[in-house]
S.K.: 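Quick one: this structure, given as structure tokens, is what I'll be asking you about.
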Amino acid sequence: TGTGSAGTVAHGLGAVPQMYIIKRRSNTGNWYVFHKDIGNTHRLRLDETSAKVDEAVAFNDTSPTSSVFSIGTSVDVNADANTYVAYVFAEVEGYSKIGFYTGNANADGPFVFTGFRPAWIIVKNTTAAGNSWHIMDNKRNTVNVVDNMQFQSSAAEDTGSNTNFDLLSNGFKLRGTSQNDNDHNFIFMAFAEAPFKYANSR
């Protein structure tokens, strides 16, 4: 429950979170996203296509610890007497990976090491506005390449030829130009199909 004053919230993970998503439940508002690779001075919004924005009232320019995360005075994270839900994620070796990569605008795109074969990935361009959050998984595409994408918008599923990923035994690789703009930074969160020692190549 919000207080209207900058403060902290206990998360109970026993590890430092790398990403969290906060949404006001008792009123309208945006989904606010903290990600370690854009830093504590910036935020993203899960329901928008905007790039990262410097906003001190989001997370109080304070990094999370192994016991708490910080919130500022934005009504989207901490209005007095409003209720909120927070989804808070820390990496678990062999199961989840939270990080970033830099695009090269090439069909032979960057390889991103996760330490496991991903089953589900969410990706966001943090450099330029107008770019949706993209979600890929191993259920709609059971073999490589993965080109079925879901977005945060109300649009239908996309199968555009420019958005291609390979899901590999130890990470993922960009095989198209979408989500791979040259010198743009992309944050991601990925979850494993199985612990790495049981993973097989596709």
Side-chain angles (χ1 to χ4, degrees), residues 1-3 6-25 29-48 51-72 74 76-78 83-102 110-127 133-139 150 152 165 167-173 179 185-199:
T1 301
T3 65
T8 60
V9 179
H11 54 70
L13 293 178
V16 177
Q18 283 88 43
M19 183 172 175
Y20 41 90
I21 303 166
I22 300 173
K23 177 68 173 73
R24 182 158 57 161
R25 298 173 57 239
N30 297 104
W31 295 77
Y32 267 50
V33 179
F34 167 90
H35 192 285
K36 66 182 179 68
D37 290 307
I38 63 172
N40 61 39
T41 61
H42 289 72
R43 57 88 178 149
L44 291 164
R45 287 176 173 168
L46 192 61
D47 53 311
E48 291 185 350
K52 66 179 182 179
V53 173
D54 190 339
E55 186 176 330
V57 296
F59 307 118
N60 202 34
D61 289 358
T62 304
S63 296
T65 71
S66 59
S67 57
V68 299
F69 64 88
S70 292
I71 49 177
S74 167
D76 283 313
V77 300
N78 191 18
T83 57
Y84 297 83
V85 62
Y87 303 97
V88 187
F89 301 93
E91 287 185 344
V92 177
E93 186 176 1
Y95 175 74
S96 58
K97 185 71 175 177
I98 300 166
F100 84 100
Y101 63 89
T102 301
F111 165 74
V112 182
F113 178 78
T114 60
F116 53 79
R117 183 169 64 192
W120 185 94
I121 308 168
I122 188 168
V123 173
K124 178 69 173 77
N125 184 329
T126 68
T127 303
W133 295 78
H134 281 58
I135 299 172
M136 292 72 66
D137 62 71
N138 65 355
K139 302 304 182 189
Q150 202 69 49
Q152 92 279 3
F165 285 60
L167 300 183
L168 306 172
S169 64
N170 60 348
F172 60 94
K173 182 173 176 64
Q179 305 308 296
N185 290 327
F186 297 80
I187 57 105
F188 72 88
M189 179 167 60
F191 292 97
E193 179 175 322
F196 180 65
K197 67 179 180 178
Y198 302 116

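Residue numbers start at 1 and run along the sequence shown.
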S.K.: With sequence neighbours excluded, give me every side-chain hydrogen bond (donor to acceptor under 3.5 Å, both in side chains) pair touching residues 59-68.
M.R.: Asn40-Ser63, Thr65-Ser67
S.K.: State, to 0.1 Å, how close Ala190 and Phe116 come at their nearest heavy-atom pair, and which atoms those are.
M.R.: O-CZ, 3.7 Å
S.K.: Does any N or O in the side chain of Thr127 come within less than 3.5 Å of the main-chain N or O of Asn185, such that one atom is a donor and the other an acceptor?
M.R.: yes
S.K.: What residues form a side chain to side chain contact (heavy atoms under 4.5 Å, CB included) with Asp37, not counting sequence neighbours?
M.R.: His35, Phe100, Ile187
S.K.: Mark yes when over 12 heavy atoms from residues, nucleotides or ligands other than Phe111 sit less than 6.0 Å from its CZ; otherwise mark no.
M.R.: yes
S.K.: What heavy-atom pair brings Pro118 and Phe172 nearest, and what distance separates the two atoms?
M.R.: CG-CD2, 4.3 Å
S.K.: Nearest 0.5 angstrom please: Glu48 CD to Trp31 CH2, how far?
M.R.: 13.5 Å
S.K.: How many angstroms lie between atom CE of Met19 and atom CD of Glu91, to the nearest 0.5 angstrom?
M.R.: 12.0 Å
S.K.: For the residue pair Pro64 and Pro17, what are the closest heavy atoms and their distance?
M.R.: CG-O, 3.5 Å
S.K.: So, for Phe69 and His11, which heavy atoms are closest and what is the spacing to 0.1 Å?
M.R.: N-CD2, 3.9 Å
S.K.: Do the side chain of Trp133 and the main chain of Arg45 share a donor and acceptor less than 3.5 angstrom apart?
M.R.: yes
S.K.: Taking only residues two or more places apart in sequence, or in another chain, which ones meet Asn78 in a side chain to side chain contact (heavy atoms under 4.5 Å, CB included)?
M.R.: Thr3, Ile71
S.K.: Which distance, rounded to the nearest 0.5 Å, do you find between the OG1 of Thr126 and the CZ of Phe186?
M.R.: 8.0 Å
S.K.: Looking only at heavy atoms, what is the nearest atom pair of Gln179 and Tyr101, with distance?
M.R.: O-OH, 2.7 Å
S.K.: Could you tell me the separation between the CG atom of Asn138 and the CD atom of Glu193, rounded to the nearest 0.5 Å?
M.R.: 4.5 Å
S.K.: The criterion is ring pair (Phe, Tyr, Trp, His ring centres under 6.0 Å); which residues satisfy it with Tyr95, sequence neighbours excluded?
M.R.: Phe191
S.K.: Looking at every non-hydrogen atom in both residues, tell me the closest pair between Tyr84 and Asp76 and how far apart they are.
M.R.: CE2-O, 3.3 Å
S.K.: Considering residues at least two apart in sequence or located in another chain, which fulfil the salt bridge (Lys or Arg N to Asp or Glu O under 4.0 Å) criterion with Glu93?
M.R.: none
S.K.: Would you say that Val112 contacts Val123 through its side chain, given a criterion of any heavy-atom pair below 4.5 Å between the two side chains?
M.R.: no
S.K.: For residues 14-25, which residue pairs qualify under side-chain hydrogen bond (donor to acceptor under 3.5 Å, both in side chains), counting only residues two or more places apart or in two chains?
M.R.: Arg24-Asn82
S.K.: From Leu167 CG over to Asn170 CG, what is the distance, rounded to the nearest 0.5 angstrom?
M.R.: 11.5 Å
S.K.: In chain order, what residues pass the side chain to side chain contact (heavy atoms under 4.5 Å, CB included) check against Ala15, with sequence neighbours excluded?
M.R.: Ala90
S.K.: Taking only residues two or more places apart in sequence or in another chain, which ones pass side chain to side chain donor-acceptor pair (under 3.5 Å) with Asn125?
M.R.: His184
S.K.: Run the side chain to side chain contact (heavy atoms under 4.5 Å, CB included) test against His42 and tell me which residues pass, sequence neighbours left out.
M.R.: Ile38, Lys52, Asp54
